[in-house]
Amino acid sequence: MDFAVLLTVIFAVVLTAILLSGARNRITFKMGMRNIWRRKVNTVIILSGLMVGTIIISSSFVVRDTMNEFVTDSVYDTYYMDDVVLVGKAVNGEEVYFNQEVMDDVEAVCGKNADGGRGYIKDEVSLSHPAASLFEPVVTINGVGYETSSAFGPFVSNGNEVEISSNELWVGENLAEDLDITSGSLVIIYAMGAQHNMLVTGILDAEGRTEDGNGIFVALETAQTMLNEPGRINMIAISNPGGVRDSVGEEQVIDAIDEADLKDGSITIEVLSSKKADIELEKEAAEGFTSIFLFLGVFSIITGVILIINIFVMLGEERKSEMGMARALGMRQKVLRKLYLYEGTGYAVFASFLGAIIGIGVGYGVMYFISEFMTSPQPGVQWSLLEHFTYTADGLITAFVMGFFITLTTIIITSSRISKINIIRAVRNIPEPPIDKGSKKMFRTGFVLIILGALLALMAYSAGGPGTMALFAGGITSIIFGTGLILRRYVGDRIAMTLAGIVVLVMLSLPFEAWPGHLVGDMDMFILGGMFRILSALMVIMFNSDYVVKFISFIAGKGKNGRKALVKIAISYPLTSKFRTGMTVAMFALIIFVITIMQVMVGMFSYNIDAQIDEVSGGYHIIGNTISDTPIIMLEETIEQNELLAPEVVGFFAPISGNAIIETPDYPDEQPFPNQFVGFDNDSLENSPFKLKTYMDSYPNGEAVWRELMVNESVVVADSSLAYDEYAMEITGYLLLGDKINVLTKTGSYENLTIIGFMDSFVIRGIIQHESLVKDAGIYGSSQILIKVRDEGKSSEVAKELEKAFLANGLQTIVIRETMEEQLGAMNQFFDLFQAYMSIGLIVGIAGLGIIIIRAVTERFKEIGMIRAIGFKRKMVLSSFLIESTFVAVLGILIGVSLGVVSGYSFWLEDFKEIGWSFYLPWGEIALVGFMALAVSLLCTIPPSYKASKISPAEALRYE
Amino acid sequence: MEATIEVTKTAHFDAQNSAMIGFETWSGESENNGSIVRSNGLKKTYDTGRTKVEALKGVSISIKKGEMVAIMGPSGCGKTTLLNTLSGLDSITEGDVMVDGVSLNQLSDNEKTDIRAKKMGFIFQFYNLLPVLEAVENVELPLLLSGVKPKEARKRAEQMLALVGLKGMEHQRPAELSGGQRQRVTIARALVNNPAIVWGDEPTGDLDSNTSQEIMDLLCRLNRENNQTFVIVTHDLNVAKRAHRIITMRNGRVHEELPPGVLPTMEFLEGSMENQ
């Protein structure tokens, strides 16, 4: 059953049960419903608080749905009418050209499952437009026309269908715009070391078969001639029955191709990709992106839950007296709980409904932000996410029902606490006494916590693996808290709970390495650890609140005019209402904690940008990569002869490198993959500019590893992108030190090469060995070059000139600093977005504080009258409430910042210290966030505080 | 005529003299006939938007320094309103109140607050202690507000608590004290600043008769020893008979003034004479 349908059924069952119960208890039900409408302002505040969780869930579903729509649309655009794409693979796994007649066999194999097939060429060339002095080193050339049906759709130019004939050149709309090409322009195509001057026949619209409108399109024979592949193609596409989005029979086609085992000599025809599989893959990737929002949203949802608890506890306090009366008149505790259940259900339904709808707006805001400020990983491409903005009924229903259950569950649990009242204390509105030191209930709870914690820790310890560190830590924390509850009987609350809090704080601040090695910590540890640490910090503060009051009063007591009295009163109130204050502080602390960690990470990345550049660049400024099979042979000579390059280029590194296929026999499930086989000369190995990230323990240092390549042909070093990194944010390789690999080249294979080190850098990509071995593999030129310039400020200029000088090789350059800074900028923008998203949680905290102050003004109405009577001026009353809200907000902010900084430091210790990064705290940014949170909190608490200051003392003293 | 000044039998208000005094601090008993608090045609109307309630309909009274005056009357007659307006806790609709020679009418809220902080003490029926502060902290509050240094304030608060019989209970919070003990803390708080006037609104209203007796003994002793003025609103005849003078009120006006030893009847206090 579909998840949304299942949730809806559960929701319907629960709601029906509650309504049936309400029908049997009409008076209680009526009372509950009337409570909702009794105080309209209160109801609005309560609903606002309750809907937060649903907003977060709903908005993250909207982000998910939009991202899904975006990625699937891009797959549909890429494939258009194609459904399955086939390639030819040589024995060594390399993709190669094959006889175009294979297409007939493919069509025969597919039979009725396919509408038609097309054989085509898709390869890379370079293109220049001399009249405009513009060029593009890497352009996709499409050789088309060998098609068995019209199922693939027409090419369109200016809205008219066109045919592509021999010796015609059609250019995609976007490429034409970039290179200022129009119909009739003379362009030069560089392919296979030759130049082809051609007149542009026309411009193809960027839709349908032209994909993104960035390629050039010629007849198949024309492409075959240019690429020296007469009668051969490198791809076949199958179009299945149906249109772009509703094609069917993909699996049957793939099965038929696999079964047929089609060959062209030694070349095997294999399925490269399919529309359906790509959509699934893209959805999976989008899911990863979306999950970040849901993960960050968890903190806001928790703050929402805390707010719900706080709201209901305060409702309980507000109605304590009347509930006491009701109990005195014979209302059972069970009925009181039901009353809250009916009332809570009403709130939950309304709040979840509104939350799901508002979530669409918040989701739109997030997508707008991403669309406006985020750059696509593909240079020059702007994400047009808003065009794909969507939300689904499934997402909305799921958000509504999940929000409803989160709200209702919290209300039910809280109601059971607040309905347990002492009738006399409730009627007389006397505060509840502190829990007795000898309380058996607490003692028993302590034992239960210890036993449950021990079981949890034991289970996690025996299981090991991902997620177990959080469970283990949770178990140990439970044991410590349980011990605290038992100890309180002997040493009192303060010592027992302070000790428990400190122990948990210290324990959870330990780096991951300090935990048993087989336990794996992940984001769950981050969430759980953060929550428990905040709880512990709160325990330490709340159980020592009198010292806090004394300390702050001492500091503040230096002034005149009763400032000490003012401050003392202002901070005594929140520290007396421990539960409610603790909850509000926790709301602030949780969100500020996460934001601080983000700030620390962003700050550290920015601060260490030079270190990062050094780390990856090996001291070079520009990376150049050529189109495959057109390596650079005479680099030094060409640079020396170029007027612009000669004075600016002060060094280069151009190891020989060429295409190879890498097999990983240690991972039988993994497919062989193409990569570069790179040869370093003696000098480069003796004085390698590249540091190693890791290397085998049997070598004393990195230099020894590099030197080993000079004498040992059975070992290699790989670039860092191939290494497995469990903490990396991006997708990484899967290879480990000591793994064996086979390198297959055109001239043969080198088997069982052991990886003895991974480079820190990935500016040189591939598998590295001594150049003599690589030359044996028939590789002589350089397809990867690194350039050092005299003046780093001129890097972009030099890079452009290099591309021009090596246009025939299709050299594409990257200025390392620019790219790194762009990446950093993009990352910062993502962090900005995440922080903006987290601010929803902060708004919850601020709302919570506002509600507390509103409640405090009502609660202390008479006391306000009294202090006004004995000499408090209006502004002192105003100050008192503002100091109180400042104190609560600052306490939360300080706890959040402190724990966030400690976590940031732990991340640095674990991941960044060893790579030479400095720890950096962006105090300014952290202070700004804290200040903004405080300022907005104060703005929200000014109205009720001002109202309190305007209360006439006589009126307040009359208040009952 | 509602607007006319109603002069009670014992009121010695001199309107002309009062106008001359204006803002100047009252410095001579002769000029003020020894009164520390005087009201002249005091009116207070509560406007709820829908209805107007005339709580005081022109009250003119005079209270001498060192006097202990009880204000009595049936519920709703305006006793508490009178106390609130005389002490500057509530605003005045019409008329004037002079406290220690200063017209409250012409003072800002802050100036009235200053006078309350420096010259007045308050004892309420329900104590109105700050629950988050210890007894001693509650007592030292007026001192701190008056600018007394914290150490000195603490010392005086402890002495005052000892004086009201709460030595050793300085660090208890109100919730940990009995009703009588709480009222003693309230009294200590009201007197710690050595105020010229102490206002009590049903100071024994929430206490049993024995405790009530003890509290009144304490108030009378302090009144005697310190020559402070006590104005007490009460329903309790046992409290009222300890006063030097009883002012009875009815329907927003002063009904009569009774000399020491003469008490109003129960019928009057229960309001049955309202229609007489």
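Chain letters run A, B, ... following the sequence lines, proteins first, then strands; residues in each count from 1. Quantities reported herein were computed from a predicted structural model and do not represent experimental measurements.
- Heavy-atom pairs under 4.5 Å with chain A were tallied for D114(B), T85(B), D201(B), L83(B); the largest tally goes to D114(B).
- A donor-acceptor pair shorter than 3.5 Å can be found between the side chains of S91(B) and K44(B).
- Residue with the most contacts toward chain B among S577(A), G871(A), S952(A): G871(A) (heavy-atom pairs, distance under 4.5 Å).
- Contacts between D109(B) and chain A at a heavy-atom distance below 4.5 Å involve the side chain alone, from C-beta outward.
- Contacts of L130(B) with chain A are made by both backbone and side-chain atoms, with heavy-atom separations under 4.5 Å.
- With respect to chain A, the highest number of heavy-atom pairs below 4.5 Å among N193(B), T80(B), L129(B), L141(B) belongs to L141(B).
- Residue contact with chain A, scored on non-hydrogen atoms closer than 4.5 Å, involves the side chain of E137(B) exclusively.
- Both the backbone and the side chain of R868(A) come within less than 4.5 Å of a heavy atom of chain B.
- Under a cut-off of 6.0 angstrom, the local environment of NZ in K118(B) is sparse, with at most 12 non-hydrogen atoms contributed by other residues, nucleotides or ligands.
- Between T186(B) and the choices R189(B), R182(B), Q183(B), the side-chain hydrogen bond (donor to acceptor under 3.5 Å, both in side chains) rule is met once, by Q183(B).
- Between the side chains of D96(B) and Q106(B), no donor N or O sits under 3.5 Å from an acceptor N or O.
- Looking at L222(B) and I187(B), their side chains come closer than 4.5 Å, going by heavy atoms from C-beta outward.
- One distance of note links CG of L161(B) with CD of Q181(B); it measures 11.0 Å at 0.5 Å rounding.
- Counting only N and O atoms by type, the side chains of D90(B) and T81(B) include no donor and acceptor under 3.5 Å apart.
- Of all the listed residues (R116(B), R173(B), E140(B), M120(B)), the one sharing the greatest number of non-hydrogen pairs under 4.5 Å with chain A is R116(B).
- Using a 4.5 Å cut-off between heavy atoms, N84(B) contacts chain A through its side chain alone, with no backbone atom that close.
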